[in-house]
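Single-structure report; data block below.
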Amino acid sequence: MSTNQLILKNLRKNLKNYLLYVFALVFTVALYFSFVTLQFDPSMDAAEGSVRGAGAIKAASVLLIVIVTVFLLYANTIFIKRRSKEIGLFQLIGMTKGKIFWILTMENFILYFSSILVGVVAGFSFSKLILLVLFKVTGVDSVAQLHFAPEALSQTLLVFGGIFLLIMAMNYLFIKKQTILSLFRVLSSSEEMVKRISVWEILIGITGLLLISSGYYMSSKMFEGDLTSVTMLFLTMIYILGSVIIGTYLFYKGSVRFIFHLIRKKKDGYLSINEVLSLSSIMFRMKSNAFLLTVITTVSALAIGLLSLSYISYYSAEKTAGQNVPNDFSIYHSEDADSFKKALDDANIPFSVKEIEVYQADVNMENVLNSSAGGLNFDPSAVQTPVIGASSVEGLELAEGEAILSGYSSMLASIITFEDSGKIEVNGLTEQFPLEYSELQDDFLISLPFTTGGFPIVVVDDSTLEKLASDLDPEIQRSSSLYTGIDITHPEDTDQAINIFTELDLENTGPNDSQQLTSIAMKNNMGFMMFIVGFLGLTFLVTSGCILYFKQVDESEEEKPNYTILRKLGFTQWDLLRGIQAKQLFNFGIPLVVGLLHSYFAVQSGWFFFGSEVWTPMIIVMLIYTGLYSIFGFLSVLSYKKVIKDSL
């Protein structure tokens, strides 16, 4: 048999083992090619004013290369070990290591670059769809066209050609350092099958659980006002990150074995066939995969967390815009308001106007602020705050000397808390006005340019406002003290009003805002972030799912003699398959559940910095990720089913 015939025969024989690898390679090439195509697509020019993402796309493409490179190198490690006996047989019949390396190189070359070719074709076919998705989530009104970019093709070939050279270098080093005897022992020594659990492993297991629990606890307390300085906040974040990652590694290294050991001990060693095939197998194998599972869990948590946070911002865009711009239009200068109202009248668009006098004053809030607020680099005895009169708020009546606070951002509420009532003091230039603070309301009454970074404004009775107006500190006043809020009476006229607002160039002549334009801008920015994170998260999900699948295929081949014995003892295929289903539920479920928990506590600790809604966006992201991840568990069960069927 010639070398070429041997190469073709090996390809046909091993093709079934490489099917998911080929799929993952085609998938990653298609994603990378279509992603890079965005950089050279002329359709992106129309979005340049809205989506300035060239730098983000380049940075994401680098991360994509890292993910794909790690996956391909790891997958190659698994496959070269699976063929170790075959390589040993080649050496036994007299083949040199150089000849064997040449055969493996040709096989990989045919398989690898055929997959790249298919991936490029698939990526080109789906590039328009991906561009449509980008335009949809960012709200860009442009026509997506199918466009082939030679630059994207050359960049793809260069990247994956470089990865191929790394794979070949890995194969060369593997073949060179192995002896014939060691090649026949590679598979049998690749997994650690320790039967007894030591005291040291028990301590490792308990430590892992304690570290993860402490990280979760600290993340839940991080923004509750207990941390009184930026340094403490930074050190707490470092501790949370370190404890969770190290704890995750120790969890896989010892906690899983320890927990399952307790379960097995509770049963006094009498395990059913399902428990033997699931619990016992995982006890003896998960320790050796601790590092791999830690990486998969950590990156999965990062992907889920970032996607959840970006979706929270996207999902909350309208509500956040309503807080920043409480009316349809917010006008800062009176002359701009006059020109806009005249243009609306000329266009026969009915509208209502709300005008509020807004003054700035230093307010003493020491008695109502949380005691830990003093460590956040501001003076609670002189908080520069907007002050308005009660007559400006519909339905509000205040007695003389009474005040309320209104418009409290969720971000600030996570750091600073207010008492339900107490005494505050508004400071004029020469006079102080003591007030009885009675309530904290959620309503946002004026637009962001008139406020002080999300801090609540002070609403006082009208007589106090008159006194303050005659005793203002000129150094802290805004260039305008009149807030003009304009609401369009009929919603169907809003788009025409926005066109007038844009034609008058009001958004550029001062800090004027449109609620709808603000919402669109937020969705645009966060939609692009969602696209980038989702793209990378999907790539990692597929590659990590494939790696876990390959590991299960390896284990199934190694455990095949055990299935043969069990079948001869009278156990049916269904008996064994039920145990395998439980095993795969643990194999894929444990990293998934731990990753979801990590992302949940990470999101819960700081979601309020990104938006006003948390549960719906986070649950949607987690359900999608879980559904896609479960596909690989299902495929591994099908693989085991075939091995069980062939075992007898």
Identify each donor-acceptor pair in which a side-chain atom of residues 613-631 lies under 3.5 Å from a protein atom, sequence neighbours left out, and give them as a table.
unit_1	atom_1	unit_2	atom_2	d
Tyr625	OH	Ser300	OG	3.1
Thr626	OG1	Met622	O	2.7
Ser630	OG	Thr626	O	2.7

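The closest donor-acceptor contact from the side chain of Asn364 to the backbone of Ile424 lies at 3.5 Å or more, if one exists at all. Remark: side-chain polar atoms of Ser392 are not paired, donor with acceptor, to backbone N or O of Ile356 under 3.5 angstrom. Judged purely by atom type and a 3.5 angstrom limit, Asn524 uses its side chain to pair as donor or acceptor with the backbone of Thr138.
Around atom CZ of Phe351, more than 12 heavy atoms belonging to other residues, nucleotides or ligands sit under 6.0 Å away. Other residues, nucleotides and ligands contribute over 12 non-hydrogen atoms within 6.0 Å of the CZ atom of Phe148. Counting heavy-atom neighbours within 6.0 Å of Lys423 NZ, excluding the residue itself, gives a total of 12 or less. Within 6.0 Å of atom CD in Glu318, 12 or fewer heavy atoms from other residues, nucleotides or ligands are found, so the atom counts as exposed in its surroundings.
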Stepwise side-chain hydrogen bond (donor to acceptor under 3.5 Å, both in side chains) check, Ser612 with Tyr315: CA-CA 9 Å; Ser612 55; Tyr315 191 86; over 6 Å; no
Working for side chain to side chain contact (heavy atoms under 4.5 Å, CB included), residues Leu440 and Asp420: CA-CA 7 Å; Leu440 176 63; Asp420 295 332; over 6 Å; no
Worked verdict on Phe35 versus Phe535 for ring-ring contact (aromatic ring centres under 6.0 Å, His included): CA-CA 9 Å; Phe35 197 67; Phe535 216 99; 4.5 Å; yes
Met522 vs Tyr314, side chain to side chain contact (heavy atoms under 4.5 Å, CB included): CA-CA, chis, key distance, verdict: CA-CA 7 Å; Met522 294 180 66; Tyr314 186 86; over 6 Å; no
Trace of the ring-ring contact (aromatic ring centres under 6.0 Å, His included) decision for Phe27 with Tyr32: CA-CA 9 Å; Phe27 182 81; Tyr32 182 79; over 10 Å; no
side-chain hydrogen bond (donor to acceptor under 3.5 Å, both in side chains) between Tyr483 and Asn327, intermediate numbers included: CA-CA 11 Å; Tyr483 167 75; Asn327 301 97; 2.5 Å; yes
Full working for side chain to side chain contact (heavy atoms under 4.5 Å, CB included) between Asp513 and Asn324: CA-CA 9 Å; Asp513 288 307; Asn324 294 343; over 6 Å; no
Full working for side chain to side chain contact (heavy atoms under 4.5 Å, CB included) between Ser480 and Tyr332: CA-CA 7 Å; Ser480 172; Tyr332 189 76; 3.6 Å; yes
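Side-chain atoms of Leu445 and Val459, non-hydrogen and from C-beta on, do get closer than 4.5 Å to each other. At a threshold of 4.5 Å between non-hydrogen side-chain atoms, the residues Val358 and Val387 do not count as touching. Looking at heavy atoms from C-beta onward, Ser220 lies out of side-chain contact with Gln604 at the 4.5 angstrom threshold.
Contacts classified as ring pair (Phe, Tyr, Trp, His ring centres under 6.0 Å) and involving residues 496-516 (residues at least two apart or in different chains) are given here: Phe329-Phe501, Phe340-Phe501. Listed by first then second residue, pairs satisfying salt bridge (Lys or Arg N to Asp or Glu O under 4.0 Å) with a partner in residues 526-539 number zero, not counting sequence neighbours. For residues 350-362, there are no side-chain hydrogen bond (donor to acceptor under 3.5 Å, both in side chains) pairs, not counting sequence neighbours. For residues 393-403, the side-chain hydrogen bond (donor to acceptor under 3.5 Å, both in side chains) pairs, not counting sequence neighbours, are Glu402-Ser438. Residue pairs meeting the side-chain hydrogen bond (donor to acceptor under 3.5 Å, both in side chains) criterion with at least one partner in residues 462-477, sequence neighbours excluded, are Ser391-Asp462, Thr430-Asp471, Asp461-Ser463, Asp461-Thr464.
Neither side chain, Thr298 nor His598, offers a donor N or O lying under 3.5 Å from an acceptor on the other. Side chains of Ser308 and Tyr600: no donor on one and acceptor on the other come within 3.5 Å. In the model, Ser605 has no side-chain atom that pairs as donor or acceptor with a side-chain atom of Ser219 under 3.5 Å.
Salt-bridge check for Asp346 with Lys342: passed, with a basic side-chain N closer than 4.0 Å to an acidic carboxylate O.
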